[in-house]
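First the structure, in the form of structure tokens, and then the observations on it.
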Amino acid sequence: MSVHQEIKKVTTHTLTELKRKGEKIAMLTAYDYSMAKIVDASGVDVILVGDSASNVMAGHETTLPITLDQMIYHAASVVRAVNRALVIVDLPFGSYQGNSKEALNSAIRIMKETGAHAVKLEGGREIKDAIERILTAGIPVMGHLGLTPQSIYKFGTYVVRAKEEQEAQRLREDAKMLEEIGCFSLVLEKIPAQLATEVSASLKIPTIGIGAGNGTDGQVLVLHDMLGLNQGFNPRFLRRYLNLFDEIKGATEQYITDVKAKDFPNEKEQY
Ligand code: KIV
């Protein structure tokens with residue numbers, strides 16, 4: 001039996017164990033109760049309440065506008081639905097950068113008000129103090145390197161990061177540092193597959209990739225993207241498992257047709 005099948009509740013230690021046994025970790029995002037219930041029932045290992053909620057739930061162009069209060073609302077809804085998966089919550093832009101005391105307060109609010117199991121922060125050496133301070137409170141932290149969408153205005157575009165040696169070397173060093181200070185895992189977003197494989201092999205903590213090839217210890221996708229709810233987003237790394245946009249549109253069109261034709265509700269559908 002795989003570790004995945006044996007586990008009743010996934011913890012941060014389960015992820016280390018999965019890496020040790022060479023079993024890949026499956027992570028997906030969720031932002032609301034109903035979707036989280038389905039995703040958890042599917043047996044996914046980790047649910048990330050990502051700040052991608054800013055894009056897919058609220059329609060913002062970037063992840064920057066979402067607030068800590070809004071993240072807490074999404075995370076609390078997800079936690080109410082979940083029995084098995086580890087739930088990790090993104091600290092949103094502006095809730096941790098440049099002030100480790102504020103970072104700790106933000107992380108404490110997430111843990112207290114949502115019941116989630118861990119937080120995720122974007123960045124390396126520039127947020128080391130913030131991560132260390134959160135860790136002192138016993139809050140598990142997941143790191144996030146490579147393309148870090150909260151810094152989109154610094155990068156200018158969503159292209160692949162760390163293709164040049166200087167940036168790749170910085171990423172290697174940041175990954176080691178995040179492991180050394182105590183992060184339990186690390187997201188590697190949109191970096192060359194070879195670099196992600198090398199970094200994953202050099203760490204004991206599991207790496208979770210998105211657009212980082214098959215050499216990471218696990219994979220994550222944004223739920224709305226992999227279900228095809230989001231028609232305009234077509235990066236090369238995305239595999240679509242459904243076309244829910246068309247499915248839902250078809251169902252709602254049928255509903256409209258039935259109402260207009262006075263076919264709904266019928267005799268059995270009334271009191
Ligand atoms: O916010 C998010 O969904 C994320 C994943 C893409 C890793 O950070």
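One-based numbering, in listed order, for ligands and for the atoms of each.
- The minimum heavy-atom distance linking Glu132 with Ile181 is given by the pair OE2-CG2, 3.5 Å.
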With the criterion set at N/O pairs under 3.5 Å, what does the list of contacts between the protein and ligand 1 look like, atom names and distances included?
from	atom 1	to	atom 2	distance (Å)
ligand 1	1 (O)	Asp51	N	3.2
ligand 1	1 (O)	Asp51	OD1	3.0
ligand 1	1 (O)	Ser52	N	3.1
ligand 1	1 (O)	Ser52	OG	3.2
ligand 1	1 (O)	Asp90	OD2	3.1
ligand 1	3 (O)	Ser52	OG	2.5
ligand 1	8 (O)	Lys120	NZ	2.9

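- Between Arg161 and Glu189 there is no salt bridge, since no side-chain N of the basic residue sits under 4.0 Å from a carboxylate O of the acidic one.
- Under a 4.0 Å N-O distance rule, the pair Arg170/Glu173 does not qualify as a salt bridge.
- The existence of a salt bridge linking Lys176 and Glu179 is confirmed by a sub-4.0 Å separation between a basic side-chain nitrogen and an acidic carboxylate oxygen.
- Counting heavy atoms of neighbouring residues, nucleotides and ligands inside a 6.0 Å radius, atom CD of Glu165 exceeds 12 of them.
- The number of heavy-atom neighbours closer than 6.0 Å to CD of Glu126, taken from other residues, nucleotides and ligands shown, is above 12.
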